[in-house]
**Q** 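Pasting a structure here, questions to come.
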Amino acid sequence: MSAMGPGALAEIRQRIDTIDADIHRLLMERSAVVDELIHIKGTSAPAAAFRPDREAHMIRALVMRHHGILPLATVEHIWREVISTFTAMQAPFRILIGEAPDRAAFQDLVRFQFGFSVPAEEAGSDDEALKALRADEGLIAIFSPHSVSWWQGLRPEDDIQVFARLPFIIAPEHPVQAEAYVAGPRLSVPPEADIKLVRMRAKGAFAKTLAAFNGRVVASSGDHILVEMPGALTQEELSAEGDKRGAEFAEPVLIGSFAAPIHFVETDAAESEDERV
């Protein structure tokens, strides 16, 4: 490493200070725009302020344009904090954390996604979280795909939907590895349906049938299953394929839908010298 004189170091530090001031100025400018929006529209319930599809577009654009030595996860977390804070300014909300196999990992996921500006607390159980969601439209809840009671407890008449799957960026070295669904009041603007989450009864070769459409069984309890499947796939198409493969599907209930996450695949460390050339 070549030595740098005091003048060069001072110049670099000044550039950093200028950039920091610009970042702060732009954040204040963004907050002023949000404040103007609040004065025009007033604050509202989370159902009117959450735009998970817009958020997905923002994160996808961030991933596409990102480069350099700053870890992508760091930038993502900063963006998450900004998005959550400004969403809460427009529509104050609180977070209930449902049951999870690893409580610490689940809390890390929640804080990575929503930052520290939004109040979060643990629910006594998934059943209590559902009860609270039904009574308070200012709540959202985080549920584990490994838990059964919440998706079995949802009723068709509940004004509750899953509108996001976490984490949105899935990578081997990502700082959070826990998985979760975000549920809350039915949104004013329905989210993108890249993937829909459906509860149904099934028997036979249902897993292979779903896999034929790039769907997957997330959880099961008896003959009840929770599945992720393409948003464009109809129940009729699924049943027709099931007839061919010896699977039966019945009593489908749409739990929610969400934008497809971004998957980063781990590169093969053992690739040959020829492949690297």
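FYI, side chains are in, hydrogens and waters are out, and symmetry mates aren't considered; it's all heavy atoms of this structure.
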**Q** Classify the ring geometry between F143 and W150 as parallel (under 30°), tilted (30 to 60°) or perpendicular (over 60°).
**A**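 It falls in the parallel class, under 30°.
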
**Q** State plainly whether the residues R80 and E76 are in salt-bridge range, i.e. N to O under 4.0 Å.
**A** yes

**Q** Roughly how far, to the nearest 0.5 Å, is CZ of F249 from CG of D223?
**A** 12.5 Å

**Q** Would you call the rings of Y181 and F258 parallel, tilted or perpendicular if under 30° counts as parallel and over 60° as perpendicular?
**A** tilted

**Q** Sub-3.5 Å donor-acceptor pair from the side chain of Q107 to the main-chain atoms of A104, do we have one?
**A**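 Such a contact is absent between Q107 side chain and A104 backbone.
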
**Q** Could you please spell out the steps behind the side-chain contact (heavy atoms from CB on, under 4.5 Å) verdict for W151 and H224?
**A** CA-CA 10 Å; W151 58 269; H224 287 85; 4.1 Å; yes

**Q** Counting heavy atoms not belonging to R65, are there more than 12 under 6.0 Å from its CZ?
**A**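 Enclosed: over 12 neighbouring heavy atoms sit under 6.0 Å from CZ of R65.
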
**Q** Rounded to the nearest 0.5 Å, what separation is found between the CD1 atom of I97 and the CZ atom of R111?
**A**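 CZ of R111 is found 6.5 Å from CD1 of I97.
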
**Q** Can you establish whether the number of heavy atoms outside M28 located under 6.0 Å from its atom CE is more than 12?
**A** yes

**Q** As an exercise, state the distance from CD of Q161 to OG of S257, rounded to the nearest 0.5 Å.
**A** 6.5 Å

**Q** What heavy-atom pair brings F106 and S144 nearest, and what distance separates the two atoms?
**A**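 Shortest heavy-atom contact: CZ-N, 3.6 Å.
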
**Q** Mind checking the CD-CD1 spacing from E11 to I16? Nearest 0.5 Å is all I need.
**A** 11.5 Å

**Q** Run the salt-bridge test on R51 and E55 with the 4.0 Å N-O cut-off and return the result as yes or no.
**A** no

**Q** Taking all non-hydrogen atoms of both residues, which atom of R199 and which atom of L154 are closest, and how far apart?
**A**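 Distance-wise, the nearest heavy atoms are NH1-O, 2.7 Å.
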
**Q** Should we say atom CD of E36 is surrounded by more than 12 heavy atoms from elsewhere, each under 6.0 Å from it?
**A** no

**Q** Does the pair R94/D136 count as a salt bridge with the N-to-O cut at 4.0 Å?
**A** yes

**Q** Using a cut-off of 6.0 Å, state whether more than 12 heavy atoms not belonging to H263 lie near its atom NE2.
**A**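 Yes.
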
**Q** Is R201 paired with E248 through a side-chain N to carboxylate O contact shorter than 4.0 Å?
**A**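 No, E248 and R201 are not salt-bridged.
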
**Q** Could you grab the distance from atom CZ of R15 to atom CG of D20, nearest 0.5 Å is fine?
**A** 12.5 Å

**Q** Over all heavy atoms of both residues, which pair between T209 and G242 is shortest? Give the atoms and the distance, please.
**A**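 Closest approach of T209 to G242: CG2-N, 3.6 Å.
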
**Q** For the CZ atom on R54, are there more than 12 heavy atoms of other groups (residues, nucleotides or ligands in this structure) within a distance under 6.0 Å?
**A** no

**Q** With a 4.0 Å cut-off on N to O distance, would you call E179 and R165 a salt bridge?
**A** yes

**Q** Quick one: closest heavy-atom pair of L96 and A132, and the distance?
**A**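 Nearest pair, atom of L96 first, then A132: CD1-CB, 3.5 Å.
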
**Q** With a 3.5 Å cut-off and no angle check, do the side chains of S117 and E81 form a donor-acceptor pair?
**A**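 A pair is found: one side chain offers a donor N or O, the other an acceptor, under 3.5 Å apart.
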
**Q** In this structure, would M229 and V253 fall into the same cluster of hydrophobic residues linked by side-chain contacts under 4.5 Å?
**A**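 No, M229 does not connect to V253 through the hydrophobic network.
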
